2 protein chains.
Amino acid sequence: MVRTKRTVIERRSGVALWRQIADRMRREIGEGVLGSDGRMPPEVVLAERFGVNRHTVRTAIAALVQEGVLRAEQGRGTFVEGRKRLAYPIRRRTRFSEGLAGQSRGLAADLLDHAVEPAIADIAKALHLLPGAPVIRLETLSHADGRPVSRARSWFDAERFAGMAEAFGRTRSITASFRELGLADYLRHSTAVTARHAESGDLKDLRLSPGAIVLVTIAVNVDAQGQPVQYSETRFAADRIELHIPGGDDAVSV
Amino acid sequence: MVRTKRTVIERRSGVALWRQIADRMRREIGEGVLGSDGRMPPEVVLAERFGVNRHTVRTAIAALVQEGVLRAEQGRGTFVEGRKRLAYPIRRRTRFSEGLAGQSRGLAADLLDHAVEPAIADIAKALHLLPGAPVIRLETLSHADGRPVSRARSWFDAERFAGMAEAFGRTRSITASFRELGLADYLRHSTAVTARHAESGDLKDLRLSPGAIVLVTIAVNVDAQGQPVQYSETRFAADRIELHIPGGDDAVSV
DNA sequence: TTTAATTGTCTAGAACAATAGACAAATTAT
DNA sequence: ATAATTTGTCTATTGTTCTAGACAATTAAA
């Protein structure tokens, strides 16, 4: 990543100074610009650098401490708890754990909720089903290094993948669950990426502070015959994950 | 895009209520949830829905009017000016104008600035040059439908593509400029995507309000022999553009 | 024309954010 | 042991944001 200019803190922008500073420090920590030695500059120095009062910086630091990014010790200083952003490769055939393996430990996925429901238009279309056909919805949360990195909502044809929720709850893996249900392999058909502010539910699950950004991917997986098997919307904590799209093999058109 | 729950407006979050509401309305307008008929609900209704005072909603609307997303007419109502997000496809052969052709008119790219400078480590590495080797830096701004959509910073080997700035200033196209300089074709080698709050420079160029989000892509283009020809960092206005990756993969596949 | 619906403007007070200064408490260096 | 450095706590003041209410101005409908 290349950075040249100095972000100016904006007043009267509807975003409190402490929040702008917190967001910026979080980013710079992720980029290694700040606290690369694990230690943050003293509050007075940061206040000077951002052109604000020391108390304002303290509020920002308190937010990052709350988030688990920083740790403050009286008399000693403030230290970095989090680490650099993980690179998440988006390829035709990539699986969560393979993608992050080697960069992090403690990979895990939790099943938060699941339900069978009628497919709304978007999902029916993506899965090549009739609107209203029963689909299984899975709400999952993925961790790396003990920190939550993504929150996903996936839909599957309830007829073809009847035991999906049960299998995922046990295996904690989509790939493994598919295999149990007779699908040996699958490919990514399409992925749309956008970004927005995290919503309150995601703030909680991903342990973010208000104003934090999520990268959102909308993806469709297909089986070897090109039949859609999974539709999903995933929210990544933008300050913990970076999506990588290698330009390798040619792609199926949309 | 699928949405189930109702985003709660967060108080004491460091983000002013009017800004949270503005951000959310901008997003819902982009998704067609709000103002799909071109008309916004009355202020009183919006205030009720968000659980805030009418004046707070008015501040949010004023920001979106300033941004060009809404237009308010006394006695008549408030109307949508902007339109849905454009899809920007990222493929092996990614071209700006081809990508957005058919979705919008008035495509244009402006050259804001250019310079020859020594390559810093990141860029030298990406372009397979020695650190400090001369590179051309181009600062460009792209529009669609008369609205700015992306702001890019690109680097090229100054030796191989000596006339790049002049050619781009004239042709307003990277593809055309490459062709003039003897490069008939190029491919996308890699793309990294992340997201963050827009910085003050981009706020101005992309005509965004503070707190707005930009999608950032770091891309490397290569020639037919695999030799890197361009390194670029592009910031897209996240509420105007959605990146589309045919045949990618994402996080649910644990 | 009258009425209803809607945006625009004004005033005043309450809640929140930022500044300023002083000093306490803990740690490290001299 | 003493001094310097650094985070933690407290009080007071000022500016910004949010709420509340009233009413004007404009448009469209009855």
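FYI, side chains are in, hydrogens and waters are out, and symmetry mates aren't considered; it's all heavy atoms of this structure. Keep in mind that what you see is a predicted model, and the values were worked out from it rather than measured. All chains are named by letter (A, B, ...) in the order of the sequence lines, taking the proteins before the strands, and each is independently numbered beginning at 1.
Formation of a donor-acceptor pair under 3.5 Å by the Arg240(B) side chain with backbone atoms of Pro148(B) is found in this model.
Position along DNA chain C of the nearest nucleotide to Pro41(B) versus Thr56(A) favours Pro41(B) as the more 5'-ward residue.
Regarding Phe79(A), its CZ atom lies at a distance of 11 Å from the C1' atom of dT7(D), rounded to whole Å. The nearest whole Å value for the distance from the CD atom in Glu43(B) to the C1' atom in dG21(D) is 15 Å. One can place CD1 of Ile61(A) at 7 Å from P of dT7(D), the figure rounded to the nearest angstrom. When rounded to the nearest whole Å, the span between CZ of Arg54(B) and C1' of dC23(D) equals 11 Å. Whole-Å rounding puts the Met40(A) CE to dT5(D) C1' distance at 17 Å. The interatomic distance linking Phe50(B) (CZ) with dT19(D) (P) rounds to 13 Å, in whole Å.
Under the rule for a side chain to side chain donor-acceptor pair (under 3.5 Å), the partners of Glu139(B) that lie at least two apart in sequence or sit in another chain are Arg137(B), Arg151(B), Arg153(B). With sequence neighbours left out, the salt bridge (charged side-chain N to carboxylate O under 4.0 Å, His left out) criterion links Asp110(A) to Arg172(A). By the salt bridge (charged side-chain N to carboxylate O under 4.0 Å, His left out) test, Arg71(A) pairs with Glu73(A), Glu81(A), sequence neighbours left out. Under the rule for a side chain to side chain contact (heavy atoms under 4.5 Å, CB included), the partners of Pro41(B) that lie at least two apart in sequence or sit in another chain are Leu34(B), Val45(B), Leu46(B). Applying the side chain to side chain donor-acceptor pair (under 3.5 Å) criterion to Ser154(B), with sequence neighbours excluded, gives Gln230(B). With sequence neighbours excluded, the residues forming a side chain to side chain donor-acceptor pair (under 3.5 Å) with Asp202(B) are Arg235(B), listed by chain and number. Partners of Val116(B) according to the side chain to side chain contact (heavy atoms under 4.5 Å, CB included) rule, which considers only residues two or more places apart in sequence or in another chain, are Pro134(B), Ile136(B), Ala158(B). Looking at residues two or more places apart in sequence or on another chain, you find a side chain to side chain contact (heavy atoms under 4.5 Å, CB included) between Thr59(A) and Trp18(A).
Within the structure, ring pair (Phe, Tyr, Trp, His ring centres under 6.0 Å) pairs that include any residue of residues 190-218 of chain B comprise His197(A)-His197(B) (at least two apart or interchain).
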What N/O pairs connect the protein and nucleotides 25-30 of chain D at under 3.5 Å? Give each pair on its own line.
{"from": "dA25(D)", "atom 1": "O4'", "to": "Gln74(B)", "atom 2": "NE2", "distance (Å)": "3.4"}
{"from": "dA25(D)", "atom 1": "N3", "to": "Gln74(B)", "atom 2": "NE2", "distance (Å)": "3.0"}
{"from": "dA28(D)", "atom 1": "OP1", "to": "Arg76(B)", "atom 2": "NE", "distance (Å)": "3.0"}

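In this structure, Thr59(B) does not reach the dC18(D) phosphate: none of its side-chain N or O atoms is under 4.0 Å from OP1 or OP2. Residue Arg58(A) places at least one side-chain N or O under 4.0 Å from the OP1 or OP2 atom of dG8(D).
Contact annotation for Thr78(B): backbone-only contact, meaning every heavy-atom pair under 4.0 Å involves sugar-phosphate atoms and none involves a base.
Axis angle between the ends of the helix from dT1(C)-dA30(D) to dT30(C)-dA1(D), five pairs each and rounded to 10 degrees, works out to 20°.
The base of dG8(D) lies outside donor-acceptor range of the side chain of His55(A), with no N or O pair under 3.5 Å.
Bounding nucleotides for the chain B contact on DNA chain C, 5' to 3', at a heavy-atom distance below 4.0 Å, are dT6(C) to dA17(C).
Between Arg19(A) and Asp23(A) there is a salt bridge, since at least one side-chain N of the basic residue sits less than 4.0 Å from a carboxylate O of the acidic one.
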